[in-house]
Amino acid sequence: MKYLTKHQRRVLRFIKNFSAKNGYSPSIPEIAKHFKKSYGTIQPILKRMVEAGALAAHKPYSKRGYYEN
């Protein structure tokens, strides 16, 4: 896994905790709401995290599915 920024590590920690608590991964709008950011701001962050190998990508046409790799 490549280097993650401080914000990316916070997002990863949130996804891990959310998944452990609820049994499913958070949707992009849930992540955006938690960090008080827009959908358009969070989506590129998640994309870079997938490219870095920190997250596995969600399935097409699914709102959920970003999870720790």
Side-chain angles (χ1 to χ4, degrees):
M1 177 172 36
K2 295 180 182 178
Y3 173 78
L4 296 177
T5 66
K6 183 179 178 181
H7 187 64
Q8 289 171 333
R9 286 192 306 269
R10 288 178 48 216
V11 171
L12 182 61
R13 192 174 324 118
F14 170 74
I15 292 172
K16 288 167 57 173
N17 291 338
F18 186 97
S19 297
K21 180 181 175 185
N22 298 303
Y24 56 89
S25 63
S27 65
I28 296 173
E30 289 169 327
I31 297 168
K33 181 178 178 182
H34 176 79
F35 288 102
K36 298 180 178 139
K37 303 287 184 187
S38 69
Y39 181 95
T41 302
I42 293 295
Q43 194 171 21
I45 292 169
L46 295 172
K47 183 179 177 187
R48 287 191 299 273
M49 291 174 71
V50 169
E51 291 169 356
L55 292 178
H58 64 85
K59 295 180 175 108
Y61 310 110
S62 172
K63 289 175 134 183
R64 303 192 183 280
Y66 282 103
Y67 51 93
E68 182 186 13
N69 223 0

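Along the sequence shown, residues carry numbers from 1.
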Compare every heavy atom of [Y] with every heavy atom of [X], then report the nearest pair and how far apart it is.
X     : Y     : answer
Arg9  : Leu4  : NH1-O, 2.8 Å
Ser19 : Ser25 : OG-CA, 3.5 Å
Gln8  : Met49 : O-CE, 3.3 Å

So, taking the atom named [atom1] in [X] and the one named [atom2] in [Y], what distance separates them when rounded to the nearest 0.5 Å?
X     : Y     : atom1 : atom2 : answer
Leu55 : Lys16 : CG    : NZ    : 10.5 Å
Arg10 : Ile31 : CZ    : CD1   : 13.0 Å
Asn17 : Asn22 : CG    : CG    : 10.5 Å
Gln43 : Ile28 : CD    : CD1   : 4.5 Å

**Message:** Pair Val50, Leu46 - check side-chain contact (heavy atoms from CB on, under 4.5 Å), show working.
**Reply:** CA-CA 6 Å; Val50 169; Leu46 295 172; 5.5 Å; no
**Message:** Using 30° and 60° as the class boundaries, would you call the ring planes of His34 and Phe14 parallel, tilted or perpendicular?
**Reply:**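 Ring orientation, 0 to 90° scale: parallel.
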**Request:** Would you please name every residue forming a ring-ring contact (aromatic ring centres under 6.0 Å, His included) with Tyr39, sequence neighbours left out?
**Result:**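 Per chain and number, Tyr39 pairs via ring-ring contact (aromatic ring centres under 6.0 Å, His included) with no residue.
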**Prompt:** For the rings on His7 and Phe35, is their centre-to-centre separation under 6.0 Å?
**Reply:** yes
